[in-house]
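Please read the structure below before turning to the comments.
Index from 1, following the sequence. Just so we're clear, the structure is a prediction, and the values are computed from it rather than from any experiment. Excluded from the calculations below are hydrogen atoms, water molecules and symmetry mates; all remaining heavy atoms, backbone and side chain alike, are included.
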Amino acid sequence: MDYNLAAVKVVCSQLKEARQTASPKRMTLGGILFQRVWLQGVLVWASADSQKFILDDGTGLLHLHLSPSPDFLLRPWKIGMYVMVVGGYVIRTDEPPVIKVHKIVDLSEFPDREAMWYLEVMEAYKLFYESLIEEFI
């Protein structure tokens with residue numbers, strides 16, 4: 001994992017435009033090179049072992065895979081939780097893309113969390129991503 005590449009703040013619908021680069025672990029979104037994404041949304045499905053989830057951020061659905069690390073197993077992740085996730089974005093052949101989660105935080109207790117997240121994504125786009133995407137087009 002190249003930690004010199006920042007995790008891009010995005011919503012699920014934006015990731016439909018992500019493409020694999022020549023490097024198998026790097027993606028591109030317009031002119032933005034990335035490996036990790038930063039998303040927030042509601043857990044709408046969980047596997048029996050609580051290591052696989054589906055996240056709904058209001059713009060789309062995305063699969064999440066939590067590693068069986070003790071850090072993730074200490075907290076009971078449940079359907080309906082509003083969470084922030086950061087992880088490696090992986091495009092898979094014949095399967096939906098997935099985020100291999102490095103960090104997950106329950107934000108359910110914060111009432112303005114969702115509205116603030118959309119503002120953060122818009123701000124990041126305006127400040128950092130817009131010029132790279134326009135340059136690419």
Side-chain angles (χ1 to χ4, degrees):
M1 182 69 56
D2 183 354
Y3 290 100
N4 291 317
L5 295 175
V8 293
K9 288 184 176 183
V10 292
V11 292
C12 290
S13 63
Q14 291 174 303
L15 289 174
K16 291 177 185 174
E17 302 301 320
R19 300 291 177 253
Q20 188 80 42
T21 65
S23 171
K25 294 190 177 184
R26 293 182 179 194
M27 306 289 155
T28 186
L29 183 61
I32 304 165
L33 188 63
F34 71 97
Q35 287 180 310
R36 296 172 298 134
V37 294
W38 180 343
L39 291 139
Q40 291 184 14
V42 177
L43 298 177
V44 295
W45 178 85
S47 64
D49 63 3
S50 294
Q51 291 181 358
K52 296 178 182 177
F53 296 89
I54 294 180
L55 178 101
D56 183 347
D57 76 346
T59 71
L61 304 173
L62 194 61
H63 291 244
L64 308 176
H65 287 189
L66 276 60
S67 65
S69 114
D71 295 337
F72 293 146
L73 299 176
L74 290 174
R75 178 144 180 86
W77 305 103
K78 300 175 189 168
I79 294 172
M81 287 179 149
Y82 185 88
V83 297
M84 178 271 294
V85 295
V86 177
Y89 184 65
V90 180
I91 296 174
R92 304 179 297 175
T93 307
D94 299 327
E95 292 184 63
V98 67
I99 295 179
K100 292 187 175 182
V101 177
H102 299 275
K103 181 176 186 174
I104 183 168
V105 178
D106 179 12
L107 300 176
S108 300
E109 295 181 23
F110 301 99
D112 297 327
R113 66 208 185 261
E114 193 168 3
M116 293 304 293
W117 174 245
Y118 290 121
L119 292 173
E120 283 183 47
V121 172
M122 288 180 356
E123 180 180 50
Y125 180 83
K126 286 288 187 191
L127 291 175
F128 305 112
Y129 311 149
E130 186 173 38
S131 61
L132 292 171
I133 290 172
E134 286 176 357
E135 189 176 294
F136 182 75
I137 297 172

Notebook entry, point to check: What residues, two or more places apart in sequence or in another chain, satisfy salt bridge (Lys or Arg N to Asp or Glu O under 4.0 Å) together with Arg26?
Noted result: Asp2
Checklist line | Partners meeting salt bridge (Lys or Arg N to Asp or Glu O under 4.0 Å) with Glu95 (sequence neighbours left out) | finding: Arg92
Next item on the list: Could you tell me which residues satisfy side chain to side chain contact (heavy atoms under 4.5 Å, CB included) with Ile91, sequence neighbours excluded, listed by chain and number?
Entry: Gln20, Met27, Tyr89
Margin query: Tell me which pairs pass salt bridge (Lys or Arg N to Asp or Glu O under 4.0 Å) where either residue lies in residues 11-22, with sequence neighbours left out.
Written below: none
Check: For His102 and Gly87, which heavy atoms make the closest approach, and how far apart are they?
Finding: CD2-CA, 3.1 Å
Item checked: Thr21 side-chain N/O to Thr28 backbone N/O, donor-acceptor pair under 3.5 Å -> no
Note to self: Could you check whether any side-chain N or O of Thr59 sits under 3.5 Å from a backbone N or O of Cys12, counting only pairs where one atom can act as donor and the other as acceptor?
What the structure shows: yes
Item checked: Under 4.5 Å side-chain linkage, directly or through intermediates, the cluster mates of Val98 -> Val90
Item checked: Trace of the side chain to side chain contact (heavy atoms under 4.5 Å, CB included) decision for Ile99 with Leu55 -> CA-CA 10 Å; Ile99 295 179; Leu55 178 101; 6.0 Å; no
Notebook entry, point to check: How long is the gap from OG on Ser50 to CG on Leu43, to the nearest 0.5 Å?
Noted result: 10.0 Å
Check: For Pro76 and Met81, which heavy atoms make the closest approach, and how far apart are they?
Finding: O-CE, 3.3 Å
Notebook entry, point to check: Residues two or more places apart in sequence or in another chain: which of them pass salt bridge (Lys or Arg N to Asp or Glu O under 4.0 Å) with Glu120?
Noted result: Lys9
Notebook entry, point to check: Which residue pairs satisfy the salt bridge (Lys or Arg N to Asp or Glu O under 4.0 Å) criterion with at least one member in residues 75-90, sequence neighbours excluded?
Noted result: Arg75-Asp106
Item checked: Fellow cluster residues of Met84, listed by chain then number, with links counted only when side-chain atoms sit under 4.5 Å apart -> Val11, Trp38, Val42, Val44, Trp45, Ile54, Leu61, Tyr82, Val86, Val105, Leu107, Phe110, Trp117, Tyr118, Val121
Checklist line | Qualifying residues under side chain to side chain contact (heavy atoms under 4.5 Å, CB included), relative to Ser69, sequence neighbours excluded | finding: Ser67, Asp71, Phe72
Next item on the list: Rounded to the nearest 0.5 Å, what's the gap from CD1 on Ile104 to CG on Leu66? Could you check?
Entry: 5.0 Å
Checklist line | Pairwise distance CZ(Arg36) to NZ(Lys103) - rounded to 0.5 angstrom | finding: 10.5 Å
Next item on the list: Taking side-chain hydrogen bond (donor to acceptor under 3.5 Å, both in side chains) as the test, write out the residues that go with Ser47, two or more places apart.
Entry: Asp49
Check: Other than Leu119, what residues sit in its cluster of Ile, Leu, Val, Met, Phe, Trp and Tyr side chains whose heavy atoms are under 4.5 Å apart, directly or through others?
Finding: Met116, Met122
Next item on the list: Not counting sequence neighbours, list each pair that qualifies as a salt bridge (Lys or Arg N to Asp or Glu O under 4.0 Å) and has a residue in residues 51-68.
Entry: none
Item checked: Side chains of Leu39 and Leu15 in contact at under 4.5 Å (non-hydrogen atoms) -> yes
